[in-house]
Each structure stands twice: as structure tokens, then as C-alpha cells.
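Just the heavy atoms: all of them, side chains too, but no hydrogens, waters or symmetry mates, feed the values below. Numbers here simply count residues along the sequence, with the first being 1.
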Amino acid sequence: MTGRPTRASAAIALGSSALLTVLATTWHPVASLAALLGTACVAAGLYRRSRSLPGVGFGAFVVAIAAGAIAGAPTEPVLLGTLCAVLAWDAGRRSITLGVQLGREADALRLELLHAAASGAVGAFSVGIAYGLSRSLSVALPAFAVLLLCGCVLALLFARRA
């Protein structure tokens, strides 16, 4: 057993990080730099098998998302970026945990895909709620939608972990 992170979850984490970084380049220079830092932290966490580095990357992603929202980025890309940040953090930690516990050699593809689908569904549900409320309340700033989404995602993550 190598203890290296599993491939599928690592690919999901890096893909989500990359998508957020691409989105952030259209928002603001601070958002771009923070997203690049977040992606580097997720990648370094996967390489070093550190469960804390994807969390640091998530913090950088939150800064990128907040910078984009404050700069006036449209609601939809900001919400998609928020979903990508949560998926990158969750899949990165899952990849490292499964690699340590089962090893990269274990046949865990279905487990990884099921976990990613569940996380994506929770995130999509939260994005839908935040987007619907931001549109129905006629709030012009995407920052409201981001804050609402972050609150929903955190509540669902805490409920899921409990």
C-alpha cells in the first residue's frame, strides 16, 4: 500500500480548482491570485498527503470568491466558483484520506464517484437555493448570494459530518 491519494478524487479536486481559477481570472486580479494560491495549496496537499493544505486552499478560494463578489462579478459565475471551491476541498481531503486508509491500489472508484456525486448534489442544491433567493429578493449584489450559499453549504456540511 503506497498511501498516495486516490486518482479519481484527486482529479475532481484539481479540476474543480482549475475551473475556479479560470473563472476568477475574469473577476478581479486579487481573485485570480487568491484562486491560484488555492489551487497550489490543493495540489501541494495532494502531493504531500497533507489533509490540512486543501483547507488552506479553501480559505484562499473564499478570498477569491469574496474579491470577485465585491468587484461586481455576475452572480452565476460566483456561485459556480463557490461550488467548485467546496468540491475541491472535499474531494482533496477525501482523496488523501482514502489513499492513507485504503491505498491508491484499492478499487474505490465507485466510492469516490458516489461521494463526489453526493457532494455535488448538496452543492447544486445550495447553489439553487442561493440563486433563487437572490433573484426573488431582487438583491443586486452577488455578495448576498455568496454569503447565503456559504451559510447553506456550511450548515449542510456540519449536518453531514454529525
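The distance from the CG atom of Leu98 to the CZ atom of Arg4 is 15.0 Å, given to the nearest 0.5 Å. With rounding to the nearest 0.5 Å, the separation of CG in Leu87 from CZ in Phe58 is 10.5 Å. To the nearest 0.5 angstrom, Leu36 atom CG is 9.5 Å from Leu20 atom CG. One finds the CD1 atom of Ile12 at 9.5 Å from the CG atom of Asp90 (value rounded to the nearest 0.5 Å). With rounding to the nearest 0.5 Å, the separation of CG in Leu83 from OG in Ser16 is 7.5 Å. Separating the CD1 atom in Ile65 from the CG atom in Leu79 is a distance of 9.5 Å, to the nearest 0.5 Å.
The nearest pair of heavy atoms linking Ser9 to Ser95 is CB-CB, 3.5 Å. What you find for Cys41 and Val56 is that their closest heavy atoms are SG-CG1, 3.8 Å. Listed here is the closest heavy atom pair of Gly99 and Thr6: N-CG2, 4.0 Å. Summarising the geometry of Ile96 relative to Gly45, their closest heavy-atom pair is CD1-O, 3.4 Å, with the distance given to 0.1 Å. Between Ala64 and Ala35, the shortest heavy-atom distance links the atoms CB-N, 3.7 Å.
Under the 3.5 Å distance criterion, the side-chain polar atoms of Ser50 are left unmatched by any main-chain donor or acceptor of Leu46. With Thr39 contributing its side chain and Ser17 its backbone, the two residues share a donor-acceptor pair below 3.5 Å. Of the possible donor and acceptor atoms, one in the side chain of Arg93 sits under 3.5 Å from a partner among the backbone N and O of Arg51. Of the possible donor and acceptor atoms, one in the side chain of Thr26 sits under 3.5 Å from a partner among the backbone N and O of Leu23. Side-chain atoms of Ser32 come within 3.5 Å of backbone N or O of Ala24 as a donor-acceptor pair.
At a threshold of 4.5 Å between side-chain heavy atoms, the hydrophobic network of Ile, Leu, Val, Met, Phe, Trp and Tyr places Leu37 and Val42 in two separate groups. Tracing side-chain contacts under 4.5 Å through hydrophobic residues (I, L, V, M, F, W, Y), one never reaches Trp27 starting from Val63; they form parts of separate clusters.
No side-chain heavy atom of Pro29 sits less than 4.5 Å from a side-chain heavy atom of Leu33. Looking at heavy atoms from C-beta onward, Phe61 lies out of side-chain contact with Thr82 at the 4.5 angstrom threshold.
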